[in-house]
*Asks:* 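Take this structure first; my questions come after.
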Amino acid sequence: MSTPLPHHNPFDRAYLLASHCAYDRCLDLECRNTVVKKTGPLTVLMCARFLGYILIEAPTHVGREYFALEVVRCDEDEAIQALAELYKNHFIRCFRLDKSHTLVPSCRSAEEENSLPQTVASHIEAKKKDPADYYRPAATQLYFIEGFKPEVQLTTPDPRIYPLPDPQYLAIHAACARAAHLSGVAKHIDTASHEMAETEALEDDRGSGDVLHHALMRHLNI
């Protein structure tokens with residue numbers, strides 16, 4: 001399930017005109033989603049909410065305004081759906097590739113790792129106004145984990161060989177994760193991945209179009 005966009009436009013028209021207009025465009029598409037023709041793997045509703053939440057979650061003002069101009073340039077509903085597909089394929093999917101190869105930290109057993117609630121978001125974000133290399137795990141229901149620390153400090157034995165992650169990269173990752181989760185795009189990708197793994201042959205009635213699209217994008221490492 002995806003989360004509806006906040007009805008109130010959070011961007012001041014007088015100071016953030018592009019973002020204001022782009023968000024209105026997303027709200028309009030969200031409102032009309034049942035009468036707009038779907039042109040890609042994502043539903044029209046997912047497209048509207050995905051782009052809207054990217055605007056809300058964008059980690060920098062410059063990045064948000066650049067993205068907003070891309071949304072505003074979409075004169076047709078087909079174009080805005082294509083833009084959502086573009087960002088899904090080139091931003092969200094790149095963070096979700098080869099998740100099966102993720103190593104389990106040595107300080108926690110596989111059983112303990114798998115016991116964590118699925119509601120915990122799998123990303124962390126840099127904290128503003130805090131010492132360098134301090135991060136806050138971004139989760140919606142952390143209070144379910146007894147003894148979970150609200151923040152962690154990343155360290156390295158050798159900054160040259162094992163450099164710490166770039167805070168800007170973590171901020172982009174966190175923004176993408178929130179936008180994908182709230183819009184339902186993350187669930188869509190997971191479902192397509194599962195169906196691709198379970199599918200041995202494509203259907204004759206074109207019902208496997210989303211699976212084929214997902215497989216082709218994955219083959220191209222997109």
Side-chain angles (χ1 to χ4, degrees), residues 1-97 123 168-169 171-193 206-222:
M1 294 294 292
S2 61
T3 303
L5 292 171
H7 183 70
H8 175 71
N9 193 318
F11 306 109
D12 191 327
R13 185 181 181 87
Y15 300 99
L16 300 170
L17 180 59
S19 294
H20 182 94
C21 293
Y23 193 77
D24 273 352
R25 182 77 173 87
C26 295
L27 286 176
D28 174 67
L29 186 62
E30 181 185 46
C31 182
R32 297 185 296 108
N33 79 90
T34 57
V35 297
V36 174
K37 181 181 178 181
K38 175 176 175 286
T39 59
L42 293 178
T43 66
V44 177
L45 185 61
M46 283 184 190
C47 290
R49 291 176 176 174
F50 180 47
L51 297 180
Y53 279 117
I54 289 179
L55 286 167
I56 293 174
E57 301 293 346
T60 67
H61 168 72
V62 174
R64 177 186 293 113
E65 287 295 287
Y66 179 86
F67 175 74
L69 290 174
E70 288 194 286
V71 176
V72 172
R73 293 191 189 103
C74 295
D75 296 330
E76 304 293 336
D77 294 331
E78 183 176 354
I80 200 169
Q81 291 182 70
L83 182 65
E85 285 289 341
L86 177 68
Y87 273 83
K88 179 202 74 174
N89 290 333
H90 294 276
F91 278 83
I92 305 305
R93 286 178 58 88
C94 70
F95 287 122
R96 304 177 73 84
L97 289 177
H123 62 274
Q168 292 182 334
Y169 175 84
I172 294 173
H173 183 280
C176 288
R178 286 192 294 264
H181 172 71
L182 292 169
S183 64
V185 168
K187 179 66 175 178
H188 169 85
I189 294 175
D190 290 342
T191 299
S193 296
R206 300 183 181 180
S208 303
D210 287 357
V211 176
L212 177 59
H213 178 271
H214 183 81
L216 290 173
M217 293 297 101
R218 187 166 184 175
H219 178 71
L220 295 172
N221 288 325
I222 296 178

*Asks:* Taking all non-hydrogen atoms of both residues, which atom of Leu27 and which atom of Pro6 are closest, and how far apart?
*Replies:* CD2-O, 3.7 Å
*Asks:* Looking at Gln81 and Gly40, what are the two nearest heavy atoms and their distance?
*Replies:* OE1-N, 4.3 Å
*Asks:* If you take all heavy atoms of Phe11 and His20, which pair is closest and at what distance?
*Replies:* O-ND1, 2.6 Å
*Asks:* Restricting to side chain to side chain contact (heavy atoms under 4.5 Å, CB included), what partner residues turn up for Arg32, sequence neighbours left out?
*Replies:* Arg25, Asp28, Leu29, Val35, Val36, Asp77
*Asks:* Ignoring hydrogens, what is the shortest heavy-atom contact between Ala22 and Ala68? Give both atom names and the distance.
*Replies:* CB-O, 3.6 Å
*Asks:* Going from CG on Asp24 to OG on Ser19, what distance comes out if it is rounded to the nearest 0.5 angstrom?
*Replies:* 11.0 Å
*Asks:* Sequence neighbours left out, what passes side chain to side chain contact (heavy atoms under 4.5 Å, CB included) with Asp12? Give chain and number order.
*Replies:* Ala14, Tyr15
*Asks:* With side chains defined as the heavy atoms from C-beta onward, is the minimum distance between Gln168 and Pro59 less than 4.5 Å?
*Replies:* no
*Asks:* Measuring from Leu83:CG to Glu85:CD, what's the distance to the nearest 0.5 Å?
*Replies:* 10.0 Å
*Asks:* Considering non-hydrogen atoms only, spot the tightest contact between Ala179 and Ser183 and give its length.
*Replies:* O-OG, 2.7 Å
*Asks:* Could you work out, with side chain to side chain contact (heavy atoms under 4.5 Å, CB included) as the rule, every residue matching His61, not counting sequence neighbours?
*Replies:* Leu16, Glu65
*Asks:* Can Ile189 and Lys88 be said to form a side-chain contact (heavy atoms from CB on, under 4.5 Å), step by step?
*Replies:* CA-CA 9 Å; Ile189 294 175; Lys88 179 202 74 174; 4.0 Å; yes
*Asks:* Can you give me every donor-acceptor pair (side chain of residues 42-58, partner residue at least two apart or in another chain, under 3.5 Å) with its distance?
*Replies:*
{"unit_1": "Thr43", "atom_1": "OG1", "unit_2": "Met46", "atom_2": "N", "d": "3.1"}
{"unit_1": "Arg49", "atom_1": "NE", "unit_2": "Glu30", "atom_2": "OE2", "d": "2.7"}
{"unit_1": "Arg49", "atom_1": "NH1", "unit_2": "Ser2", "atom_2": "OG", "d": "2.6"}
{"unit_1": "Arg49", "atom_1": "NH2", "unit_2": "Glu30", "atom_2": "OE2", "d": "3.4"}
{"unit_1": "Tyr53", "atom_1": "OH", "unit_2": "Thr3", "atom_2": "O", "d": "3.1"}
{"unit_1": "Tyr53", "atom_1": "OH", "unit_2": "Pro4", "atom_2": "O", "d": "2.6"}
{"unit_1": "Glu57", "atom_1": "OE1", "unit_2": "Arg178", "atom_2": "NE", "d": "2.6"}
{"unit_1": "Glu57", "atom_1": "OE1", "unit_2": "Arg178", "atom_2": "NH2", "d": "3.2"}

*Asks:* List the residues meeting side chain to side chain contact (heavy atoms under 4.5 Å, CB included) with Cys31, not counting sequence neighbours, and say none if there are none.
*Replies:* none
*Asks:* Please identify each residue that fulfils ring-ring contact (aromatic ring centres under 6.0 Å, His included) with Tyr87, with sequence neighbours left out.
*Replies:* Phe67, Phe91
*Asks:* With salt bridge (Lys or Arg N to Asp or Glu O under 4.0 Å) as the criterion, how do Glu70 and Arg73 come out once you've worked through the C-alpha distance, each side chain's angles and the decisive distance to 0.1 Å?
*Replies:* CA-CA 5 Å; Glu70 288 194 286; Arg73 293 191 189 103; 5.6 Å; no
